[in-house]
**Student:** 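Before anything else, here's the structure in question.
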Amino acid sequence: GAVVSQHPSWVICKSGTSVKIECRSLDFQATTMFWYRQFPKQSLMLMATSNEGSKATYEQGVEKDKFLINHASLTLSTLTVTSAHPEDSSFYICSARLGSGRDPEQYFGPGTRLTVT
Amino acid sequence: GQQLNQSPQSMFIQEGEDVSMNCTSSSIFNTWLWYKQDPGEGPVLLIALYKAGELTSNGRLTAQFGITRKDSFLNISASIPSDVGIYFCAGGGGSQGNLIFGKGTKLSVKP
């Protein structure tokens with residue numbers, strides 16, 4: 001149980017275009033999902049917290065107009081990187097929180113490798 | 001903000017050896033979690049700890065939640081080649097259930 005999928009697993013796009021990444025909880029409902037980015041040989045950096053039916057909460061330094069997050073259902077959150085630039089190239093990972101209380105167990109998707117040329 | 005200090009940064013061990021890594025913080029956490037990440041993959045949850053002093057095992061893995069709630073360790077016994085990867089600790093307890101991650105411990109196992 002507690003399986004999270006991401007699509008696509010990798011994407012290459014041209015500078016200036018937008019890219020949408022999907023995160024799905026396959027066998028449970030997640031009221032809260034998280035989006036992280038990870039640069040090579042570094043730890044996970046939380047970008048934003050996505051709550052179903054409400055606006056996402058962005059971490060300091062993350063541009064909300066550039067990284068659009070939509071959490072329209074209890075099993076799906078999407079991250080759209082708008083007007084992507086080469087510096088946005090990174091490994092983007094989502095996670096979904098199991099349970100609605102203070103239980104902080106997060107289950108991660110397999111990640112999406114974004115390369116902007 | 002809250003930060004976790006994870007050590008060691010990397011380890012090179014022989015197959016069959018035991019491994020120990022730990023995380024410390026100046027802040028108190030309500031939960032500690034340990035994840036393993038393989039290259040190009042998302043982290044996989046190994047062990048979750050919820051009570052100060054709790055000692056939990058998962059196969060060859062054992063983790064403990066420090067009594068002060070400011071630290072945790074992970075032990076791997078009798079390491080095997082598939083233990084290779086990056087291990088992250090994470091402290092939890094934020095209002096939205098967010099986690100604070102350590103910088104990771106890269107484990108290499110020589111057959």
Side-chain angles (χ1 to χ4, degrees), chain A residues 1-7 9-10 21 23-25 30-52 54-61 71 90-114, chain B residues 1-10 21 23 25 27-51 54 56 58 63 65 69 72 84-108:
Chain A
V3 178
V4 177
S5 70
Q6 266 182 256
H7 178 80
S9 56
W10 60 270
I21 303 170
C23 177
R24 293 181 186 273
S25 55
T31 53
T32 305
M33 292 184 172
F34 303 87
W35 287 95
Y36 296 83
R37 64 188 297 182
Q38 186 179 35
F39 292 106
K41 299 184 180 180
Q42 293 191 20
S43 188
L44 293 87
M45 185 190 83
L46 179 65
M47 298 176 66
T49 301
S50 168
N51 292 298
E52 187 265 337
S54 63
K55 291 183 179 180
T57 303
Y58 290 82
E59 295 299 299
Q60 193 172 8
H71 193 158
S90 188
F91 192 52
Y92 291 86
I93 314 174
C94 73
S95 71
R97 194 174 84 174
L98 183 65
S100 58
R102 293 183 64 188
D103 184 344
E105 286 186 26
Q106 290 182 28
Y107 293 86
F108 286 83
T112 297
R113 174 74 58 193
L114 171 63
Chain B
Q2 293 177 309
Q3 290 186 334
L4 294 184
N5 298 309
Q6 186 172 349
S7 65
Q9 270 191 325
S10 61
M21 60 192 77
C23 273
S25 173
S27 303
I28 290 174
F29 288 97
N30 293 326
T31 57
W32 284 92
L33 300 97
W34 285 91
Y35 289 88
K36 181 193 177 199
Q37 186 178 27
D38 291 328
E41 302 284 338
V44 174
L45 181 63
L46 300 174
I47 292 179
L49 303 160
Y50 296 102
K51 290 182 182 179
E54 180 181 354
T56 298
N58 178 8
F65 191 150
R69 294 165 61 192
S72 177
V84 165
I86 301 178
Y87 292 80
F88 290 99
C89 63
S95 59
Q96 296 202 70
N98 55 300
L99 298 174
I100 307 297
F101 281 86
K103 294 188 183 301
T105 295
K106 183 177 181 181
L107 178 63
S108 301

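All chains are named by letter (A, B, ...) in the order of the sequence lines, taking the proteins before the strands, and each is independently numbered beginning at 1. Bear in mind the structure is a predicted one, so any value in this text is a computation, not a measurement.
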**Student:** Atom OG1 of B/T105 and atom CH2 of B/W34: how far apart are they, to the nearest 0.5 Å?
**Tutor:** 6.0 Å
**Student:** What residues form a side chain to side chain contact (heavy atoms under 4.5 Å, CB included) with A/S95, not counting sequence neighbours?
**Tutor:** A/F34, A/Y36, A/Q106, A/F108
**Student:** Name all residues meeting the side chain to side chain contact (heavy atoms under 4.5 Å, CB included) criterion together with A/Q42; count only those two or more places apart in sequence or in a different chain, and write none if there are none.
**Tutor:** A/F39
**Student:** For B/K103, I'd like to know if atom NZ has over 12 heavy atoms of other residues, nucleotides or ligands within 6.0 Å.
**Tutor:** no
**Student:** Report the option among A/K41, A/R113, A/Q38 that has the most heavy-atom pairs separated by less than 4.5 Å from atoms of chain B.
**Tutor:** A/Q38
**Student:** Side chain, backbone, both or neither: which part of B/Q6 has a non-hydrogen atom closer than 4.5 Å to chain A?
**Tutor:** neither
**Student:** With a 4.5 angstrom heavy-atom cut-off, which part of A/Q6 approaches chain B: side chain, backbone, both or neither?
**Tutor:** neither
